[in-house]
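Keep in mind it's a predicted model, so treat the numbers as computed, not measured.
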Amino acid sequence: MALDQDLASWLRLSLIPGLGDQSLRKLLVAFGSPQQILDASFAMLAKLVPTAVAAAIRDGGVDDDKLEAASRWLEDRGNRIITLADTAYPQALLQTPDPPPLIYAKGRIELLNHDALAVVGSRSASPQGIANAESFARALSDAGLTIVSGLALGIDAAAHRGGLAGAASSIAVVGTGLDIVYPARNRALAHQLAEQGVIISEFSLGTPALAANFPRRNRLISGLARGCLVVEAALQSGSLITARLANELGKEVFAVPGSIHSPLSKGCHQLLKQGAKLVESAQDILEELNLTALAVSSPTTEVVRDPQAQALLDGLGFDPCDIDTLCMRCDLKSNAIASLLTQLEIEGLVSALPGGLYQRIH
């Protein structure tokens with residue numbers, strides 16, 4: 001896609017230092033189009049924006065090298081820059097208080113106007129939380145909801161994997177320029193999203209991973225979706241910001257309950273106390289959103305033939321537990337417990353946690 005004059009005008013304005021989204025939208029209302037803003041007199045501009053910004057607009061906005069970089073980026077057929085005037089612009093974001101004037105997109109842009117659900121949670125997720133996020137996301141994707149998340153480690157990454165595995169795919173909203181993959185550990189997932197889903201950002205190319213950008217990206221996650229599911233979250237988790245923003249937009253907030261002893265459940269339990277919907281399956285969400293529920297069969301737990309291994313699973317329960325406690329619960333010696341835990345890990349039923357703890361997954 002070539003960088004035509006109209007798009008170049010949008011880009012010039014979006015890259016002017018000090019010209020925020022709200023001010024740019026105000027100028028668009030007053031003048032009608034980006035080119036008319038660039039053609040306006042200093043005096044007319046200064047009535048609506050600070051004089052330094054008005055002067056920058058009259059000077060032509062930005063270094064042409066940045067426009068050239070955007071033009072080269074657009075040579076990849078999978079890359080797009082979508083403006084407020086574009087029919088491909090996400091209609092759901094137009095209903096929010098602060099829609100970005102420009103969106104950089106890589107991948108299947110038609111997904112931006114699909115029914116969607118945000119699935120978010122902790123970066124330092126538990127094995128059970130990751131399994132839950134991926135399972136929920138896949139079932140919801142198969143039911144027709146495109147999964148929106150933030151490409152972070154932990155729950156976000158699991159949600160994207162589940163969404164991509166389902167029928168409605170996944171949208172990643174990132175807090176950097178789209179020529180940067182952050183975190184780097186999700187590079188392979190980002191490439192898969194660019195091919196089978198879509199990655200979007202409101203930040204210009206070259207924008208690094210700045211802390212202030214991630215709360216801003218959270219508003220787009222909540223804005224694109226019909227509701228927000230929080231799978232695991234500590235009390236200070238950024239995913240609670242996404243949930244709050246969804247609630248402020250009048251959208252449904254869902255939370256998966258967890259152990260009362262787990263710090264990663266505290267955020268979800270706080271949301272439940274504040275009125276979020278408790279969910280135990282994807283069906284709960286589909287019914288709340290008045291969507292056709294699928295006949296999704298519950299995953300069956302693998303049969304454990306060794307009676308001692310089954311007794312250990314029963315003794316472990318679903319809360320993290322150490323070997324000494326398991327020895328007392330199961331009346332077995334520590335070496336026998338360790339051997340059985342290894343067997344259950346291989347079978348995918350138990351996961352080792354930091355601090356010598358173990359947790360049942362299924």
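- Here the straight-line distance linking atom CZ of Arg187 with atom CG of Leu151 works out to 10.5 Å at 0.5 Å rounding.
- Residues Ile130 and Val231 fail the side-chain proximity criterion, which asks for heavy atoms closer than 4.5 Å.
- In terms of heavy-atom proximity, Gly163 sits nearest to Ser141 at O-OG, 2.9 Å.
- A distance-only check finds a donor-acceptor pair linking the side chain of Asp284 to the backbone of Ser281 [under 3.5 Å].
- Side chains of Gln359 and Ser351: no donor on one and acceptor on the other come within 3.5 Å.
- Side-chain contact of Asp322 with Thr325: a donor-acceptor pair under 3.5 Å is present, judged by distance alone.
- Atoms SG and NZ, from Cys268 and Lys273 in turn, are 12.5 Å apart once rounded to the nearest 0.5 Å.
- Taking a 6.0 Å sphere around CG of Asp331, one finds it holds 12 or fewer heavy atoms contributed by other residues, nucleotides or ligands.
- Leu272 is not connected to Leu264 by any chain of hydrophobic side-chain contacts under 4.5 Å among Ile, Leu, Val, Met, Phe, Trp and Tyr, and they are in different clusters.
- Leu210 and Ile221 are members of different hydrophobic clusters when ILVMFWY side chains are connected at heavy-atom separations under 4.5 Å.
- The neighbour count for Arg138 CZ, taken as heavy atoms of other residues, nucleotides or ligands under 6.0 Å away, does not exceed 12.
- Closest approach of Pro17 to Val53, counting heavy atoms only: O-CG2, 4.0 Å.
- For the pair Arg185 (side chain) and Leu153 (backbone), a donor-acceptor distance under 3.5 Å is absent.
- With hydrogens and angles disregarded, a donor-acceptor distance shorter than 3.5 Å links the side chain of Ser9 to the backbone of Gln5.
- Looking at heavy atoms from C-beta onward, Ile200 lies out of side-chain contact with Val174 at the 4.5 angstrom threshold.
- For CD of Gln22, the number of neighbouring non-hydrogen atoms (other residues, nucleotides, ligands) closer than 6.0 Å is 12 at most.
- Linking ILVMFWY side-chain heavy atoms closer than 4.5 Å, directly or via other members, places Phe42 and Val49 in two distinct hydrophobic clusters.
- Checking Ser237 against Ser239 by side-chain atom types alone, a donor-acceptor pair falls below 3.5 Å.
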**OP:** I would like to know whether Leu332 and Leu340 meet side chain to side chain contact (heavy atoms under 4.5 Å, CB included); could you show each step before the answer?
**Re:** CA-CA 10 Å; Leu332 292 170; Leu340 290 168; 3.8 Å; yes
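- In this structure, OG1 on Thr96 lies 6.5 Å from CG on Leu249, to the nearest 0.5 angstrom.
- Shown here is Lys66, whose NZ atom has no more than 12 heavy atoms of other residues, nucleotides or ligands within 6.0 Å.
- Using a 4.5 Å cut-off on side-chain heavy atoms (C-beta onward), Leu93 and Ile103 make contact.
- Arg244 has a carboxylate O that lies under 4.0 Å from a charged side-chain N of Glu248, or vice versa, which qualifies the two as a salt bridge.
- Panel note: side chain Arg108, backbone Gln196; a donor-acceptor pair is recorded below 3.5 Å.
- Side-chain N/O atoms of Gln36 and Ser33 include a donor and acceptor closer than 3.5 Å.
- Distance alone, capped at 3.5 Å, is enough to place a donor-acceptor pair between the Lys266 side chain and the Ile260 backbone.
- Using a 4.0 Å cut-off between charged nitrogen and carboxylate oxygen, Arg217 and Glu202 do not count as a salt-bridge pair.
- Between the side chain of Asn79 and the backbone N or O of Lys106 there is no donor-acceptor pair closer than 3.5 Å.
- Defined by atom type and a distance below 3.5 Å, a donor-acceptor pair is missing between the side-chain atoms of Ser339 and Thr342.
- Counting only heavy atoms from C-beta outward, the side chains of Phe254 and Leu289 approach each other to under 4.5 Å.
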**OP:** Mind running side chain to side chain contact (heavy atoms under 4.5 Å, CB included) on Ile147 and Ile171 for me, showing each step along the way?
**Re:** CA-CA 6 Å; Ile147 302 302; Ile171 300 168; over 6 Å; no
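- Linking ILVMFWY residues whenever their side-chain heavy atoms come closer than 4.5 Å, directly or via other members, places Leu45 and Leu13 in the same cluster.
- Atoms CZ and CG, on Arg58 and Asp39 in that order, are 7.5 Å from each other to the nearest 0.5 Å.
- No side-chain heavy atom of Gln95 sits less than 4.5 Å from a side-chain heavy atom of Gln91.
- Between the side chain of Lys251 and the backbone N or O of Ala225, at least one donor-acceptor pair lies under 3.5 Å.
- Annotation for Ala282 and Phe136: closest pair N-CE2, 3.5 Å, computed over non-hydrogen atoms.
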Original post:
Stepwise, does the side chain to side chain contact (heavy atoms under 4.5 Å, CB included) test hold for Phe214 with Ile241?
Top reply: CA-CA 10 Å; Phe214 292 92; Ile241 297 175; over 6 Å; no
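- When all heavy atoms are compared, the tightest approach of Val119 to Ser149 is O-OG, 2.7 Å.
- Between Ser265 and Glu232, the side chains place no donor N or O within less than 3.5 Å of an acceptor N or O (distance only, hydrogens not considered).
- Salt-bridge formation is detected for the pair Asp21/Arg216: a Lys NZ or Arg NE/NH1/NH2 atom is positioned less than 4.0 Å from an Asp or Glu carboxylate oxygen.
- Here the side chain of His269 pairs a donor or acceptor atom with the backbone of Gly258 at under 3.5 angstrom.
- Electrostatic pairing of Arg329 and Asp314 does not count as a salt bridge here, judged by no charged N lying under 4.0 Å from a carboxylate O.
- Pro100 is listed as a side-chain neighbour of Tyr89, based on a closest heavy-atom distance under 4.5 Å.
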**OP:** Show your reasoning for whether side chain to side chain contact (heavy atoms under 4.5 Å, CB included) applies to Ile285 and Leu291.
**Re:** CA-CA 9 Å; Ile285 296 171; Leu291 296 175; over 6 Å; no
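- Once rounded to the nearest 0.5 Å, the distance linking CZ of Arg12 with CD1 of Ile37 reads 14.0 Å.
- In this structure, the side chains of Tyr104 and Ile82 stay at 4.5 Å or more apart for every pair of heavy atoms.
- Salt bridge status for Asp86 with Arg80: present, with a side-chain N to carboxylate O gap under 4.0 Å.
- The shortest non-hydrogen separation linking Thr51 to Ala46 is CG2-CB, 4.4 Å.
- In the hydrophobic clustering of ILVMFWY residues, with side-chain heavy atoms under 4.5 Å counting as a link, Leu28 and Leu94 come out together.
- Summarising the geometry, atom CG belonging to Leu271 is positioned 6.0 Å from atom CD belonging to Gln274; distances are rounded to the nearest 0.5 Å.
- The two atoms that bring Leu102 and Ser14 nearest to each other are CD2-OG, 3.7 Å, heavy atoms only.
- Ion pairing between a basic and an acidic side chain is recognised when a charged N comes within 4.0 Å of a carboxylate O; Asp98 and Arg219 show such pairing.
- No side-chain heavy atom of Val230 sits less than 4.5 Å from a side-chain heavy atom of Thr242.
- In the displayed structure, Phe31 atom CZ is contacted under 6.0 Å by more than 12 heavy atoms of other residues, nucleotides or ligands.
- Between the side chain of Thr207 and the backbone N or O of Ser204, at least one donor-acceptor pair lies under 3.5 Å.
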